[in-house]
Amino acid sequence: NAGVMQNPRHLVRRRGQEARLRCSPVKGHSHVYWYRQLPEEGLKFMVYLQKENIIDESGMPKERFSAEFPKEGPSILRIQQVVRGDSAAYFCASSPGSGGTNTGELFFGEGSRLTVL
Amino acid sequence: AQSVTQLGSHVSVSEGALVLLRCNYSSSVPPYLFWYVQYPNQGLQLLLKYTSAATLVKGINGFEAEFKKSETSFHLTKPSAHMSDAAEYFCAVSRAGGGNKLTFGTGTQLKVEL
């Protein structure tokens with residue numbers, strides 16, 4: 001499967017625990033985006049990363065949330081001290097870098113669904 | 001700043017009827033526009049996109065959309081609905097040179113009835 005891979009697909013945490021969501025982009029893609037989808041709402045942008053760099057984190061909550069995309073390995077979205085309001089589907093998407101291979105769209109994974117008890 | 005507005009959070013049509021899902025955008029620069037479809041418990045799949053070429057864009061599964069600058073609209077249509085079209089549809093906007101960061105509308109749930 002050459003698409004965006006997210007894991008875990010489902011994650012249950014108790015309040016105060018940490019959640020780590022992983023995303024492997026399409027092979028050859030160097031840009032990763034994280035979105036959050038709450039029930040009855042659209043997708044809200046959280047953060048845009050390139051390898052080892054955060055390009056745009058304007059949608060990230062100021063506290064408890066962090067993201068990284070290391071030189072090797074998947075991108076990680078980390079939520080510390082989870083609260084019930086963090087329950088949502090978290091989607092990762094990827095795209096090529098700038099240049100001829102970039103046709104403008106994002107390629108999405110199937111999401112990680114976080115439930116906070 | 002860019003935004004999209006999807007009119008109608010729920011649309012219901014009969015099988016075989018015309019599908020029309022509305023999307024209006026706001027952008028200070030020429031936009032790129034997209035329609036994505038999401039089936040239950042799945043990710044988003046690209047239906048079609050407008051990136052400043054032809055204003056009438058054809059996508060997968062018989063869908064098409066027309067970019068109308070004068071109306072700031074990018075409505076999604078399909079001549080004849082099929083039961084398998086039942087899903088949630090999202091309109092999204094980005095701008096050239098802004099990376100591929102997309103701003104999404106709140107979605108329209110399409111129901112297809114016999």
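In the text below, chain A, chain B and the rest are named by the order of the sequence lines, each starting its count at 1. Values below: all heavy atoms of this structure, side chains included; hydrogens, waters and symmetry mates excluded.
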### Query
Is it true that R78(A) and E18(A) make a salt bridge, defined as a side-chain N closer than 4.0 Å to a carboxylate O?
yes
Turns out that what part of S112(A) lies under 4.5 Å from chain B's heavy atoms comes down to neither
Without hydrogens or angle criteria, can the side chains of Q37(A) and Q38(B) be said to hold a donor-acceptor pair below 3.5 Å? yes
* Do the side-chain N and O atoms of S12(B) and E113(B) include a donor-acceptor pair separated by under 3.5 angstrom? -> yes
Greatest number of non-hydrogen atom pairs under 4.5 angstrom with chain A, of L44(B), T106(B), T103(B), T51(B), falls to L44(B)
Result for ring pair (Phe, Tyr, Trp, His ring centres under 6.0 Å) between Y89(B) and one of F74(B), F104(B), F63(B), F34(B) points to F63(B)
### Task
May I ask you to decide if K68(B)'s main-chain N or O and E71(B)'s side chain share a donor-acceptor pair within less than 3.5 Å?
no
So, the part of Q6(B) with a heavy atom under 4.5 Å from chain A: the answer is neither
Pair count under 4.5 Å, heavy atoms only, with chain B: among F107(A), F91(A), Y35(A), highest is Y35(A)
When the 4.5 angstrom heavy-atom criterion is applied to L46(B) and chain A, the contacting part is side chain
